[in-house]
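In each ligand, atom 1 is the first atom listed, and ligand 1 is the first ligand listed.
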Amino acid sequence: MMKGLKKSATTLLRSSKSGGINFKAASLISELKFVPNQLLMRNNFSTSLIQQHGDHHHDHHHHDLMEDELLPTPKKTIINIKEPPIPTEVDLGAMGEQVATASSANSDPKAAERKMKRARTVNYLQKPLEQRILVLEKYFGVKPELGKPVELTKEQIVNVLNIEDHEEQRALFDYANSITESIYGSKVYFRGIIEFSNVCQKDCNYCGIRKHMQVPRYTMPKEEIIEQAIWAYENHFGSIMLQSGELNTEGRISMLVDVIREIKKRTGGGGPGEWNKGLGIALGVGELSRESYQRLYDAGAHRYLLRIETSNPELYSKLHPNDENHVWEERKKCLETLMDIGYQTGTGVMIMIPNQTVQDLADDLLFFRKIGADMIGMGPYIVQEGTPIGKIWMEQYGHMNEAEKKEYNRVLFRLALKMTALARILIPEANISATTALQAINPAGREIALSSGANMVMPIITPTKYRVNYQLYQGKPCIDDTKEECKRCLTDRVKWSNKQLILDEWGDPISYFNKRNMKVPNKE
Ligand code: SAH
């Protein structure tokens with residue numbers, strides 16, 4: 001089997017024997033195209049991003065830029081980027097010639113097709129948005145209207161996840177964005193993530209900090225965690241998130257209780273219920289007892305993120321050791337407990353894990369809705385060598401050459417964006433995150449997600465020296481950046497998405513209040 005895979009990656013990509021998600025390299029490669037005005041913007045983007053970072057060398061900002069056509073069409077002048085005009089026929093011709101010369105292929109049989117597709121895309125972009133999204137009618141069964149969510153069955157969700165046509169995909173992202181804007185306007189919320197410890201009692205088969213991974217373990221001293229939080233507060237971050245490996249000990253819980261209390265005290269804020277006072281605190285520290293969750297809530301944390309990882313218990317059991325420490329039902333119960341206590345509760349999944357199907361992904365979205373998630377964070381699964389799932393992935397995809405890898409990432413990125421867009425359509429009022437892992441597979445991943453359904457970003461503000469030991473997956477971005485760089489970089493990314501960064505506000509999910517018939521609190 002391995003030999004066959006090596007021989008023809010296209011076959012591999014076309015027929016995933018494991019029943020996993022198929023992606024068709026060949027057909028997508030032939031669809032490669034660019035939209036001139038977006039390309040212009042992209043060029044500005046990459047140059048200024050590199051300039052922003054001055055002398056620092058940041059590999060992740062120098063990658064080949066992909067997905068140009070997905071960048072939002074600017075509505076207004078943003079920072080140093082002028083609104084590029086929609087190209088006329090003449091411009092297009094000129095661009096076409098440049099491309100032809102560049103590829104030195106007068107006789108390129110694909111050139112005419114490319115030109116035709118480009119013209120079609122430009123034509124598409126010239127249409128008003130409300131007309132563009134009409135191509136989705138055949139998937140939705142009803143005419144979509146801007147800003148108005150539709151109901152979808154599982155089968156319809158699967159069909160949307162399978163959309164390959166670029167214009168239909170783009171229409172989906174634009175439609176999702178219109179729903180985001182109808183609820184949150186162009187507001188984007190900021191949360192600083194402090195990855196305060198990589199000590200972990202769990203052994204999740206995909207994760208780079210699982211118990212059985214040889215990695216130096218650290219736990220930041222209390223004072224240092226608090227110091228990072230104060231920095232975030234002084235830099236107008238409305239909220240932070242404290243994330244770590246899972247450690248269900250009294251020492252850890254009481255340490256966290258102290259840290260949360262102290263942060264609250266030093267930022268002049270109360271706990272849950274006293275909205276927008278002090279720094280908002282979210283936790284992502286795994287499965288704990290109800291009692292521990294309650295103590296942390298009482299100390300002042302008001303949000304909790306716990307990804308279900310997959311809504312399919314059978315797949316979950318393949319991703320984790322089969323022991324009493326890794327039980328899908330328990331994880332789900334934790335989510336229910338968190339909600340019951342009163343936390344704004346978030347969950348999410350990894351996308352394109354080996355053996356996951358499109359049906360699973362559709363179920364994931366329905367799971368989020370059924371359980372009543374207020375926050376959703378999803379990201380692509382990314383291989384981590386030295387893990388059991390990493391090994392399976394390498395067997396299936398390890399032989400890809402550069403072009404195939406690029407294509408794999410492209411398909412993965414599209415799938416993650418479709419999941420983001422569908423989450424917005426199905427759970428319109430939730431806070432949906434443009435996750436770090438998206439940026440691992442596309443340098444512009446987070447800002448593209450912000451115009452495809454997401455409304456929040458989470459800059460990493462972990463001190464640089466710890467980051468190298470908090471690599472959940474290979475190629476995790478921003479590993480040698482400082483918190484200042486992460487803040488500046490994401491501030492710019494939000495602007496590039498034509499969105500407005502909201503500072504000094506907790507940025508709570510509207511769904512939380514509406515479900516409880518509470519008034520949505522405003523910052524006074
Ligand atoms: N221990 C905490 C949080 C830390 S891990 C918890 O259990 O909630 C945060 C998230 O990183 C996980 O929920 C998982 O979805 C993601 N993650 C871990 N390994 C990954 C990988 N190889 N690729 C992509 N995401 C990964």
Side-chain angles (χ1 to χ4, degrees), residues 191 193-213 215 217 219 241-249 252 256 282-288 292-293 296 301 303-311 315-316 319-321 325-328 330-332 334-335 337-338 343 345-354 356 361 364 368 373 375-394 397 408-409 412-413 415-416 419 433 435-442 445 458 460 462 466-467 469-477:
R191 289 98 175 70
I193 311 186
I194 305 171
E195 298 147 328
F196 68 89
S197 173
N198 67 352
V199 177
C200 195
Q201 66 193 11
K202 288 243 175 152
D203 223 2
C204 306
N205 294 344
Y206 41 83
C207 183
I209 61 165
R210 66 199 294 265
K211 191 164 82 186
H212 275 97
M213 199 74 177
V215 41
R217 302 289 166 167
T219 301
M241 164 159 178
L242 300 174
Q243 200 194 69
S244 71
E246 189 174 302
L247 188 59
N248 198 346
T249 62
R252 169 57 62 83
L256 272 176
L283 299 174
V285 298
E287 294 170 43
L288 304 175
S292 299
Y293 284 151
L296 297 166
R303 286 191 197 120
Y304 206 102
L305 289 155
L306 187 73
R307 287 187 177 177
I308 192 73
E309 315 297 358
T310 170
S311 63
L315 178 58
Y316 188 91
L319 300 176
H320 299 89
N325 234 342
H326 302 80
V327 181
W328 186 87
E330 282 303 316
R331 204 161 174 90
K332 179 170 173 254
C334 281
L335 285 171
T337 304
L338 289 162
Y343 279 102
T345 306
T347 192
V349 294
M350 286 177 288
I351 298 165
M352 233 158 123
I353 320 165
Q356 191 181 38
L361 292 174
D364 291 343
F368 301 155
M375 289 104 70
I376 296 164
M378 298 174 290
Y381 163 75
I382 298 169
V383 64
Q384 171 61 54
E385 264 176 89
T387 61
I389 298 295
K391 195 164 164 246
I392 294 174
W393 189 93
M394 289 301 285
Y397 300 114
Y408 177 91
N409 278 344
L412 176 52
F413 184 64
L415 198 54
M419 286 292 283
S433 175
T435 56
T436 316
L438 279 175
Q439 193 181 320
I441 55 166
N442 184 317
M458 307 172 83
I460 298 173
T462 310
Y466 297 114
R467 294 187 185 202
N469 291 323
Y470 203 86
Q471 295 211 54
L472 306 172
Y473 45 83
Q474 269 157 246
K476 186 161 170 251

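- No side-chain donor from either of S244 and S197 sits under 3.5 Å from a side-chain acceptor of the other.
- When all heavy atoms of Q384 and L472 are compared, the pair lying nearest together is CB-O, 4.0 Å.
- The option with the heavy atom closest to atom 8 (O) of ligand 1, from among Q471, K476, R331, is R331.
- Under the ring-ring contact (aromatic ring centres under 6.0 Å, His included) rule, Y408 has a single partner from F413, W393, Y381, which is W393.
- Checking Y206 against H320 by side-chain atom types alone, a donor-acceptor pair falls below 3.5 Å.
- Heavy-atom proximity to atom 4 (C) of ligand 1, evaluated over C204, S244, G245, is greatest for S244.
- There is a side-chain donor-acceptor pair under 3.5 Å between N205 and R210.
- At a heavy-atom distance under 4.0 Å, only side-chain atoms of E309, from C-beta outward, approach ligand 1.
- The contact set between ligand 1 and Y470, taken as ligand atoms under 4.0 Å from a residue heavy atom, comprises 4 (C).
- Near G284, with a cut-off below 4.0 Å to any heavy atom, the atoms of ligand 1 are 2 (C), 3 (C).
- Regarding atom 19 (N) of ligand 1, its nearest protein heavy-atom neighbour is Y206 CD1, 3.4 Å.
- Of all the heavy atoms of P380, the ones lying under 4.0 Å from any atom of ligand 1 belong exclusively to the backbone.
- Regarding atom 9 (C) of ligand 1, its nearest protein heavy-atom neighbour is Q243 NE2, 3.8 Å.
- Remark: E385 does not engage K391 in a salt bridge, criterion side-chain N to carboxylate O under 4.0 Å.
- Counting the atoms of ligand 1 from 1 in the order shown, those under 4.0 Å from a heavy atom of R307 are 13 (O), 14 (C), 15 (O), 16 (C).
- Here's the thing with I382: one of its N/O atoms is less than 3.5 angstrom from an N/O atom of ligand 1.
- The protein non-hydrogen atom at the shortest distance from atom 11 (O) of ligand 1 is L472 CD1, 3.4 Å.
- The distance from ligand 1 to the heavy atoms of M350 drops below 4.0 Å at these ligand atoms: 15 (O), 17 (N), 20 (C), 24 (C), 25 (N), 26 (C).
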Q: Report the C-alpha distance between E287 and N248 in whole Å, list the side-chain angles of each, state the deciding distance to 0.1 Å, and finish with yes or no for side chain to side chain contact (heavy atoms under 4.5 Å, CB included).
A: CA-CA 8 Å; E287 294 170 43; N248 198 346; over 6 Å; no
Q: May I have the step-by-step check of side chain to side chain donor-acceptor pair (under 3.5 Å) for E246 and Q201, ending in yes or no?
A: CA-CA 6 Å; E246 189 174 302; Q201 66 193 11; 3.2 Å; yes
